[in-house]
Number of protein chains: 2
Amino acid sequence: MSDDRNKPIFKIRIVFGPHEMMGPGKAELLERIDSCGSIAAAGREMDMSYKRAWELIGTLNAMFKAPLVERTRGGPGGGGAFLTDLGREVLSLYRALEEDAAAGSAKRMQALCTLLSDIPGEK
Amino acid sequence: MSDDRNKPIFKIRIVFGPHEMMGPGKAELLERIDSCGSIAAAGREMDMSYKRAWELIGTLNAMFKAPLVERTRGGPGGGGAFLTDLGREVLSLYRALEEDAAAGSAKRMQALCTLLSDIPGEK
DNA sequence: TTTAGATATGTTTTTGAAAACATATCCAGA
DNA sequence: TCTGGATATGTTTTCAAAAACATATCTAAA
């Protein structure tokens, strides 16, 4: 019997400084901006207000050596946003880091799950 | 010149289910209960209200096969709390998992830090 | 039998982050 | 030159999580 229930989700947040951090939210936002071509559309997909998405991008752009996202205003379609090379690099690095971390701790994760209550989600 | 500034902090949160998760906060709480011998004292050390600490312990006790923390009431000192064997096991497993994850992703972490802005904390 | 210091909970208040709302601005193309 | 759809921000409102406050309860030991 395959026991695929209870697959735990591994969330990583990297805190670089008091106001500089990166976690699952910003990563997903970058990803969606890459595929959508706009901050507004990415935000909509994530059920996030444009303003919030815009703010997150602002902090991301400020915390790295150069902007991860560049934007254009006006024109056909009204404008848009796209990842810079650095943006793509940071994103893929973060994703790879996630995988490495998960792989490195898989054994322990399995052991932890063993100790969980049998009746999960039973709140 | 040692460049120990900007040592990033790696935070891991494991989400087992919709209402079942464990992260740095619960881990530290377990640790301090172990060393303090009481929920109240542990909470004080963490600047956390007794009520909140007590609630966190409640959810922890509920999500594993057996309680991680047991408590006594009354008596000299008024009572106290201590980790069960399972509690100690979960805690050390979580700590080990953290280390494994950090070790597994250290290379990528280093690479990420390289891309950070030079002027950190400059908000 | 009183006390001390902890556990155990209910109730009210704060507050800080996110949402919601509101505009202003930009500009290629029709 | 008007328009559409996006960026860019300021302002107000909501709301849920945490804090704060308030008690009640337990019990070994003095």
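Order of the sequence lines fixes the chain letters, A, B, ..., with proteins taken first and strands second; residue numbering starts at 1 for each chain.
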Residue whose nearest DNA chain C nucleotide is more 5′ - A/D47 or A/R73
A/D47
Name the nucleic acid region contacted by A/G79, choosing base, sugar-phosphate or nothing; use a 4.0 angstrom heavy-atom cut-off, strictly under.
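Sugar-phosphate contact only.
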Roughly how far, to the nearest 0.5 Å, is the [atom2] atom of [Y] from the [atom1] atom of [X]?
X      : Y     : atom1 : atom2 : result
A/S105 : B/E99 : OG    : CD    : 12.0 Å
B/R108 : A/Y94 : CZ    : OH    : 14.0 Å
B/E70  : B/L86 : CD    : CG    : 10.0 Å
A/R32  : A/R44 : CZ    : CZ    : 12.5 Å
A/L116 : B/E20 : CG    : CD    : 7.0 Å
A/M46  : A/C36 : CE    : SG    : 10.0 Å

Please give, in whole Å, the distance from [N] [atom2] to [X] [atom1]?
X     : N      : atom1 : atom2 : value
A/I39 : C/dC26 : CD1   : P     : 17 Å
A/L56 : D/dT7  : CG    : P     : 14 Å
A/F82 : D/dA6  : CZ    : C1'   : 14 Å
B/M21 : D/dA17 : CE    : C1'   : 13 Å
B/R52 : C/dT11 : CZ    : P     : 20 Å
B/R32 : C/dA6  : CZ    : P     : 16 Å
A/E70 : D/dA6  : CD    : C1'   : 16 Å
B/I33 : C/dA6  : CD1   : P     : 13 Å

So if I take every side-chain heavy atom of [X] and compare against [options], which nucleotide ends up nearest?
X     : options               : result
B/R44 : C/dT7, C/dA6, C/dA18  : C/dA6
A/K51 : D/dT7, C/dG29, D/dG10 : D/dG10
B/P76 : D/dT9, C/dT9, D/dA28  : D/dA28
B/Y50 : D/dA6, C/dT9, D/dT9   : C/dT9
A/S38 : C/dA8, D/dA8, D/dT7   : D/dT7

Closest nucleotide of DNA chain D for A/R71 versus for B/M48: which of these residues is on the 5' side?
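In this pair, the answer is A/R71.
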Thinking salt bridges, do B/E98 and B/R95 make one under a 4.0 Å N-O criterion?
yes
Whenever both distances are under 3.5 Å in a Watson-Crick or G-U wobble pair, mark it; put DNA chain D into dot-bracket that way, with [ ] for crossing pairs and | when the partner is on another strand.
||||||||||||||||||||||||||||||
Please check the phosphate of C/dA8 (OP1 and OP2 only) for any side-chain N or O of B/W54 closer than 4.0 Å.
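Answer yes for this pair, as a side-chain N or O of B/W54 is under 4.0 Å from OP1 or OP2.
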